[in-house]
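As a basis for the values below, the full set of heavy atoms in this structure was taken, side chains included, without hydrogen atoms, waters or symmetry mates. Read the numbers this way: they start at 1 and go in the same order the structure lists the ligands and their atoms.
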Amino acid sequence: MADHTFDAIVIGSGISGGWAAKELCELGLKTLVLERGRNVEHNKDYPTANMNPWDFKYRGRMSEAFYKENPLITKSAGYGEDCAHFFVKDKDHPYIQEKPFDWIRGYQVGGRSHTWGRATQRWSEFEFTAPERFGYGIGWPIGYHDVAPWYSHVEKFIGICGHKDNLPAMPDGEFLPPFEMNCVLKDLKEKLKVNYTDRHLVHARWAHLTEPAQIHLDQGRGKCEARNLCMRGCPFGGYFSSVSSTLPWAAKTGNLTIRPFSVVHSIVYDEQLGKASGVRVIDTNTKEITDYFARIIFLNASALNSNLVLLNSKSKRFPNGLGNDNGLLGKYVAFHNYRGSLSATIDGYLDQYYFGRNPTDLILVNYRNLQQQDTDYFGGFTTFLNAYRAQHPQDSAEGQVGAAYKEALSEPGGWHIYMYLQGETVPKASNHVRLSETEKDQWGIPLLVTSVEYDDNDERMV
Ligand SMILES: Cc1cc2nc3c(=O)[nH]c(=O)nc-3n(C[C@H](O)[C@H](O)[C@H](O)COP(=O)(O)OP(=O)(O)OC[C@H]3O[C@@H](n4cnc5c(N)ncnc54)[C@H](O)[C@@H]3O)c2cc1C
């Protein structure tokens with residue numbers, strides 16, 4: 001038992017687990033991080049990071065057979081041949097969709113911190129208070145001002161680029177300089193100012209090191225080189241991921257043990273102590289079961305998998321899952337309404353260009369349902385947007401082959417713009433996940449049933 005006892009156990013090594021490990025290890029606690037997937041080390045395990053498009057067998061796509069076998073995971077934004085190794089495969093990790101719901105997962109050390117989009121704007125006071133003020137939810141026990149110092153704590157360490165805009169609907173943080181706004185976006189910003197008083201186009205906030213500070217260099221990270229190949233893993237550590245930042249930082253303390261290939265089955269409840277005392281783990285390769293013990297157990301297996309672990313942690317005291325006396329576990333799933341998008345071509349500006357492949361977008365800050373309820377739907381939304389020049393002049397390149405086509409490619413094309421909605425959904429008890437009573441995964445753990453769907457409110461927002 002002594003070998004299996006730590007001061008703290010962290011379940012999951014993604015964005016939140018990496019953070020928990022960093023904080024606990026820095027405080028001197030011997031910390032065990034349990035991760036169901038394989039190990040991933042910064043740089044060493046980025047096999048595609050420096051590959052060119054022509055180096056990929058399918059030029060960045062997957063084979064048709066792969067799409068047929070993996071209709072779900074291949075829907076993820078940015079999914080492709082260059083980063084497929086950071087996502088699960090559908091048949092390895094099934095779940096039961098009572099209603100259609102895309103559950104996008106990456107099971108490895110670092111979790112989804114490898115492939116996340118890196119947008120990091122803060123919540124504002126409005127998000128904390130609107131559900132209660134407008135009667136579509138309950139009040140939060142904490143407000144923006146409780147969280148703000150912690151946002152700062154995180155932002156300084158991971159490095160966030162952005163611009164201080166002094167807008168209550170999108171509070172400022174601790175920013176490194178933003179990427180430059182290109183000419184089309186600058187004009188759009190000015191036109192919005194002339195036509196609306198409440199619509200602000202600003203730099204979104206992104207976990208990219210535009211100008212690394214000492215704390216980032218100390219992590220062994222460097223400047224973002226604007227390659228926009230982030231989802232492959234960045235050799236420069238130019239964006240934040242657990243494996244480029246928090247986990248190596250935790251390891252440097254000498255207090256960290258990471259155990260990959262360790263799927264947590266449940267949290268062990270000690271009936272006599274009346275406390276959670278350990279974690280039951282199944283080795284994903286050998287299927288051997290081992291218990292680990294600690295006084296602190298930090299569950300960071302992502303939102304839905306954390307619910308799964310708690311629901312599966314059954315004891316005499318907690319027959320419906322650990323801490324689930326009120327039956328709320330798995331209910332009120334909130335997610336994002338991503339279904340609105342627009343794209344267009346923009347005339348003119350043909351004498352202007354921009355530097356590099358800027359990996360960031362702008363944001364049209366939420367302007368709905370802030371001070372009062374001003375629409376026929378609840379909740380607000382932000383709009384991400386960007387403008388860019390096409391790779392070649394479409395008119396002249398279309399239909400061409402050979403030398404003429406190559407010639408055309410040497411010139412940039414016209415300007416394009418895209419926008420997409422990121423909308424708030426209303427948490428409802430009926431949007432829930434639960435354990436399957438009949439079906440289990442390859443390790444004997446019940447499958448998750450997802451019963452989550454969009455509703456009329458989401459339709460009205462779109
Ligand atoms: C394509 C994409 C783009 C995104 N873009 C953004 C963005 O721009 N901004 C933003 O804020 N968020 C974004 N997200 C969401 C963001 O990635 C997640 O919110 C974040 O990673 C959650 O952190 P986490 O630690 O809770 O979970 P994860 O990062 O998913 O980590 C969970 C870890 O737990 C492990 N695990 C799960 N179950 C078990 C178990 N039973 N036992 C042991 N280990 C387990 C997993 O393998 C994983 O490593 C994006 C996500 C995706 C997929």
Using heavy atoms and a threshold below 4.0 Å, how should the contact between [X] and ligand 1 be classified: side chain, backbone, both, or neither?
{"X": "H265", "answer": "neither"}
{"X": "V263", "answer": "both"}
{"X": "T115", "answer": "backbone"}

Nearest protein heavy atom to [atom], by residue and atom, and its distance?
{"atom": "atom 49 (O) of ligand 1", "value": "E35 OE1, 2.6 Å"}
{"atom": "atom 18 (C) of ligand 1", "value": "R112 NH2, 3.9 Å"}
{"atom": "atom 4 (C) of ligand 1", "value": "G117 N, 3.2 Å"}
{"atom": "atom 41 (N) of ligand 1", "value": "V264 O, 3.2 Å"}
{"atom": "atom 24 (P) of ligand 1", "value": "S16 OG, 3.5 Å"}
{"atom": "atom 23 (O) of ligand 1", "value": "I15 CB, 3.7 Å"}
{"atom": "atom 53 (C) of ligand 1", "value": "I104 CG2, 3.6 Å"}
{"atom": "atom 39 (C) of ligand 1", "value": "R36 CD, 3.6 Å"}

Any heavy atom of S262 sitting closer than 4.0 Å to ligand 1?
yes

#### Entry: Min heavy-atom dist Q108 to ligand 1 below 4.0 Å
yes

Can you check whether [X] reaches [Y] side chain to side chain, under 4.5 Å on heavy atoms?
{"X": "L201", "Y": "V365", "answer": "no"}
{"X": "L72", "Y": "D102", "answer": "yes"}
{"X": "I296", "Y": "L29", "answer": "yes"}
{"X": "F157", "Y": "T246", "answer": "yes"}
{"X": "L209", "Y": "Y239", "answer": "no"}
{"X": "P260", "Y": "R38", "answer": "no"}
{"X": "K99", "Y": "V452", "answer": "no"}

Which ligand 1 atoms, with their elements, are less than 4.0 angstrom from a heavy-atom of [X]?
{"X": "N305", "result": "37 (C), 38 (N)"}
{"X": "V309", "result": "41 (N)"}
{"X": "S76", "result": "1 (C)"}
{"X": "N300", "result": "25 (O), 32 (C), 34 (O)"}
{"X": "Y107", "result": "46 (C), 47 (O)"}
{"X": "L34", "result": "43 (C), 44 (N)"}
{"X": "A77", "result": "1 (C)"}

Next on the checklist: Taking the six-membered ring of Y367 as reference, does the cationic atom of R199 (NZ for Lys, CZ for Arg) lie under 6.0 Å from its centre and within 45° of its axis?
Outcome noted: yes

Mark yes or no: K156 above the aromatic ring of Y151, with NZ or CZ under 6.0 Å from the six-membered ring centre and no more than 45 degrees from the axis.
no

Look up atom 7 (C) of ligand 1 and tell me if a protein heavy atom lies less than 4.0 Å from it? yes

In short, T31 meets F6 closest at the heavy-atom pair C-CD2, 4.2 Å

Taken in chain and number order and not counting sequence neighbours, the residues that satisfy side chain to side chain donor-acceptor pair (under 3.5 Å) with R339 are N337, E459

**Heteroatom distance test (R118, ligand 1): nitrogen or oxygen, under 3.5 angstrom** = yes

- Task: Tell me whether the centres of the aromatic rings in Y144 and W123 are closer together than 6.0 Å.
- Result: no

Exercise for the section: Please check if the distance between the ring centroids of F293 and H4 is under 6.0 Å. Expected result: no

In sequence, state the C-alpha distance, the side-chain angles, and the governing distance for H432 and E98, and then conclude on side chain to side chain donor-acceptor pair (under 3.5 Å).
CA-CA 10 Å; H432 75 279; E98 201 164 67; 4.6 Å; no

Nearest heavy atom to atom 11 (O) of ligand 1, choosing from G78, A119, G12, belongs to A119

Min over W116, F261, W19 of heavy-atom distance to atom 12 (N) of ligand 1 lands on W116

